[in-house]
Amino acid sequence: MRTLSSELKAAVGKEVTVKGWLHKKRALGGLTFINIRDRKGLVQILIENKDEVEKLRGLQIGTVLEVKGTVIDEDRAPGGAELHEPELTILVSVKDEPPIEIDKPLSHKSDNLDTLFEYRAIGLRNLQEQTVFKVQAKVLESLRAYLIENDFTEMNTPKLLAEATEGGAEVFKLDYFGKTATLAQSAQFYKQMMVGVFERVFETNPTYRAEPSATTRHMSEYITIDVEMGFVTFEELLAFTSGLVNRVVEQVWDSYGDDLKKWNAQKPVLTPDFPRMSMAEVHELYGKAHNVDMSDEGDLTPDEEKWICQYAKKQLGSEAVFITDWSSTDKTFKFYHRKSAKNPTLADRSDLLFRGIEIATVPMRENNYDVLVQQMKDAGLDPAHEGFKYYLQAFKYGLPEHGGFGMGLERLTEKLIGLDNVKEATLFPRDINRLTP
RNA sequence: GGGCUCGUAGUGAAGUUGGCCCAUCACGCCUCCCUGUCACGGAGGAGAUCGCCGGUUCGAAUCCGGUCGGGCCCGCCA
């Protein structure tokens, strides 16, 4: 029977067997301490027998071990217990030393990220590094729970598509049995179609963009938390999204608050329902503060996103803020967005900014078939095109008022922890320069 | 796509107004000492043709040209 590091304290006095990786060795002469890493953490083992210490000669960190020993209650040991009089069995001997540290903080300087990714499989054995992805898994777990509690059906839609028709981003093209296929730039069409079936749907799957971007916030493959809900008003949608982010933050800090201290991560200050600021308001405030005229800008500049988040934190008491009142007459308007009933030159759209970056677009969709077809035509698209045919079916045969969002999982993880680059929050990042490991 | 910037042992850094440098420091590694470490401590040691190619020079990690590979910002985009 294998005992895990987390179960050690409860097994005081017993003889147990632990299995894991040699994580650290400290030889003090007659005393040698080693740490064994397993999926729950570390076990400290005190070795006094010289023959047992000799078994490790020539073996490096990463060696897979089985250790039988007696659990001793010991205040001086991490976790309050350790193994004594151990008998070591080498399961996998490792003679090559790891290329990067696994027991010291790794450099996350932008110049060194390449090294981090080059040795990703080893570097992540570092307990501090693991935290990033434990947090990310918790983000997914908690938002999934929140969505399921709210009657959402989880689904998976195809990522291999016949053609790019959504517009906007560049897409990847690949050979598909002689035809040209594209990789999905979003689940947009499918999640809307499924509103007509399940009312509330979500998925957390990869999204592909072929944009030649080289920034700290873009990748060519990333996970989108795609959520779509029917019979919802714009206000209800924004409130629901606020609730989801709040829930994620609470659960992440409940589970990993201690580990996050090592990253100097501060728990986000949030209001239950995030504040809203209009695009015009942001341009004006930023313009005044920087003595520039932003009124002609349709979108937010990266610097505005950073600035307005600091403003919202100080003035509105929230590190998350919705930017509303987007134009419906410039390129930021997509044909599937809904124009505002009160003012048709604006769209019922909002971007969710968090800690200086856009983490989600949260718009209402045009659900009237005739209006949607007209907006397609206005955008220079052909509603009769095969790429739109199946999408439009859903509307023709009845789709209620609906809206949703696409939230970037890695960006959310990055900002929760306070990392500087979205790639640090990605297990194996894909960007314009990197396709491996 | 545009601008800027970086490349020195396995890792992270110093040196970059040419010569004190066949290259310095820390971590890691090897040998030895050390009975409570937990970023253990101490002594010693190995490990780098300074990304690559060419040029200038008596002399190049350092200057110049080219080239390869990163990074940051902007644009695109989410």
Side-chain angles (χ1 to χ4, degrees), chain A residues 23-35 42-50 53 57-62 72 74-80 82 84 94-119 122-123 126-128 166-171 185-186 188 207-226 262 297-303 305-306 331-332 334 351-354 357-363 405-412 414 420-423 431-434:
Chain A
H23 190 76
K24 186 71 186 178
K25 188 160 83 173
R26 295 187 190 89
L28 280 73
L31 283 186
T32 298
F33 292 99
I34 64 169
N35 291 134
L42 299 177
V43 175
Q44 174 161 288
I45 295 155
L46 172 63
I47 315 177
E48 293 176 284
N49 183 333
K50 289 215 164 63
V53 175
R57 181 174 290 271
L59 298 181
Q60 301 293 337
I61 301 305
I72 302 297
E74 172 57 83
D75 289 342
R76 291 172 293 184
E82 64 187 6
H84 284 205
V94 174
K95 301 207 166 71
D96 296 301
E97 60 180 291
I100 50 177
E101 303 272 357
I102 64 163
D103 191 48
K104 302 240 165 69
L106 296 179
S107 171
H108 278 249
K109 260 178 59 177
S110 54
D111 280 348
N112 299 325
L113 290 182
D114 202 44
T115 307
L116 214 55
F117 300 141
E118 199 60 28
Y119 303 113
I122 309 306
N126 186 302
L127 263 38
Q128 191 175 337
E166 190 180 322
E170 287 289 318
V171 297
Q185 67 174 94
S186 82
Q188 187 58 43
T207 295
Y208 302 91
R209 301 287 165 93
E211 299 292 337
S213 300
T215 77
T216 53
R217 57 188 188 283
H218 294 94
M219 295 186 291
S220 36
E221 178 183 75
Y222 64 100
I223 304 291
T224 310
I225 301 150
D226 269 303
K262 287 183 183 162
E297 288 283 336
D299 207 341
L300 298 167
T301 66
D303 198 47
E305 291 184 352
K306 290 190 190 86
K331 63 177 179 161
T332 64
K334 300 268 186 73
D351 271 18
L352 176 57
L353 304 187
F354 176 57
I357 194 173
E358 177 198 331
I359 58 164
T361 304
V362 193
F405 58 84
M407 190 177 290
L409 173 65
E410 296 90 345
R411 283 187 178 184
L412 177 57
E414 173 201 356
D420 294 323
N421 192 318
V422 71
K423 290 157 204 165
D431 65 24
I432 193 164
N433 294 317
R434 182 170 280 280

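Note on naming: letters A, B, ... go to the chains in the order of the sequence lines (proteins, then strands), and numbering restarts at 1 for each one.
Of the side-chain N and O atoms in A/Thr115, one or more sit less than 4.0 angstrom from OP1 or OP2 of B/G12. Residue A/Thr216 has a polar side-chain atom (N or O) positioned under 4.0 Å from OP1 or OP2 of B/C73. At least one side-chain nitrogen or oxygen of A/Asn421 sits closer than 4.0 Å to the OP1 or OP2 atom of B/C72. Between A/Arg26 and B/C40 there is a side-chain N or O to OP1 or OP2 distance below 4.0 Å.
Closest approach to the A/Asp431 side chain among B/G75, B/G71, B/U37 is made by B/G71 (side chain taken as heavy atoms from C-beta onward). Closest contact between the side chain of A/Lys331 and the listed nucleotides B/C76, B/G10, B/G36 involves B/C76. For A/Ser107, taking side-chain heavy atoms from C-beta onward, the closest of the listed nucleotides B/C74, B/U37, B/G12 is B/G12. You'll find that the side chain of A/Ser110 is closest to B/C72, out of B/G10, B/C77, B/C72.
In this structure, A/Asp351 and A/Lys306 both approach RNA chain B, and ranking their closest nucleotides by distance from the 5' end singles out A/Lys306. In terms of position along RNA chain B, the nucleotide closest to A/Lys109 lies nearer the 5' end than the nucleotide closest to the other residue of the pair A/Asp103 and A/Lys109.
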Please enumerate all protein N or O atoms sitting under 3.5 Å from an N or O of nucleotides 46-48 of chain B, with distances to 0.1 Å.
none

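Across all strands, A/His108 comes closer than 4.0 Å to no nucleic acid atom at all (heavy-atom distances). If you check every strand for non-hydrogen atoms under 4.0 Å, A/Pro78 touches a base. Note on A/Met407: nothing from the nucleic acid sits closer than 4.0 angstrom, heavy atoms only. The residue A/Asn433 sits close only to the backbone: its heavy atoms come under 4.0 Å of sugar-phosphate atoms, none of a base. Counting any heavy atom pair closer than 4.0 Å across all strands shown, A/Ala360 reaches no nucleic acid atom. Looking at heavy-atom distances under 4.0 Å, A/Asn112 makes contact with sugar-phosphate atoms alone, never a base.
When both distances must be under 3.5 Å, the Watson-Crick or G-U wobble mate of B/U37 does not exist. Pair assignment for B/C63: B/G55, on the basis of Watson-Crick or G-U wobble contacts that are both within less than 3.5 Å. Across every strand in view, B/G7 sits in a pair with B/C68 that passes the Watson-Crick or G-U test at under 3.5 angstrom. B/G44 is paired with B/C30 under the Watson-Crick or G-U wobble criterion, all donor-acceptor distances under 3.5 Å.
In this structure, A/Asn35 atom CG and B/C38 atom P are separated by 11 Å, rounded to whole Å. For the pair A/His23 NE2 and B/A39 P, the computed distance is 11 Å after rounding to whole Å. Between A/Asp114 atom CG and B/G12 atom C1' there is a gap of 15 Å when expressed in whole angstrom units. A/Leu28 has its CG atom 13 Å from the P atom of B/G42, to the nearest Å. Put simply, CG on A/Asp96 is 14 Å from P on B/G10, counting in whole angstrom units. Between the CD1 atom of A/Ile359 and the C1' atom of B/C77 there is a distance of 17 Å, rounded to whole Å. Between A/Arg411 atom CZ and B/C77 atom P there is a gap of 13 Å when expressed in whole angstrom units.
Distance NZ/A/Lys95 to CD/A/Glu97: 14.5 Å, rounded to 0.5 Å.
You'll find a donor-acceptor pair under 3.5 Å spanning the side chain of A/Glu82 and the base of B/G36, going by distance alone.
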Summarise how protein sits on nucleotides 1-7 of chain B as a single string, 5' to 3': B when a protein heavy atom is under 4.0 Å from the base, S for sugar-phosphate-only contact, - for no contact.
-------
Sugar-phosphate or base contact per nucleotide [nucleotides 25-33 of chain B; S, B, -; heavy atom under 4.0 Å]:
--BSSSSS-
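Comparing B/G28 with B/A39, their P atoms sit 12 Å apart, to the nearest whole Å. Between B/G12 and B/C22, the two C1' atoms lie 24 Å apart (nearest whole Å). Nucleotides B/G42 and B/G70 have their C1' atoms positioned 39 Å apart, rounded to a whole Å. One C1' atom belongs to B/U5, the other to B/A48, and the distance between them is 24 Å to the nearest Å. The same atom, P, is picked in B/G19 and in B/A61; the two are 10 Å apart, to the nearest Å. When the C1' atom is compared between B/A23 and B/A14, the two are found 11 Å apart, to the nearest whole Å. Comparing B/G59 with B/G45, their P atoms are spaced 34 Å from each other, to the whole Å. For B/U35 and B/G41, the C1' atoms lie 13 Å apart once the distance is rounded to whole Å.
Summarising the geometry of A/Leu113 relative to A/His108, their closest heavy-atom pair is CD2-O, 3.9 Å, with the distance given to 0.1 Å. A/Glu74 and A/Glu82 make their closest contact through CG-OE2, 3.5 Å (heavy atoms, listed as atom of the first residue, atom of the second, distance). Looking at every heavy atom in both residues, A/Pro98 comes nearest to A/Ile61 through CD-O, 3.8 Å.
No donor-acceptor pair under 3.5 Å is formed between the side chain of A/Arg411 and the backbone N or O of A/Val422.
In this structure, A/Gln44 and A/Lys24 have side chains that are not in contact, with every pair of non-hydrogen atoms separated by 4.5 Å or more. Counting heavy atoms from C-beta outward, A/Asp431 and A/His218 have side chains that stay 4.5 Å or more apart. The shortest side-chain heavy-atom distance between A/Arg434 and A/Asp114 falls under the 4.5 Å cut-off. Side-chain contact between A/Asp420 and A/Thr216: absent, with no pair of heavy atoms (C-beta onward) separated by less than 4.5 Å.
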In sequence, state the C-alpha distance, the side-chain angles, and the governing distance for A/Glu221 and A/Thr207, and then conclude on side-chain contact (heavy atoms from CB on, under 4.5 Å).
CA-CA 6 Å; A/Glu221 178 183 75; A/Thr207 295; over 6 Å; no
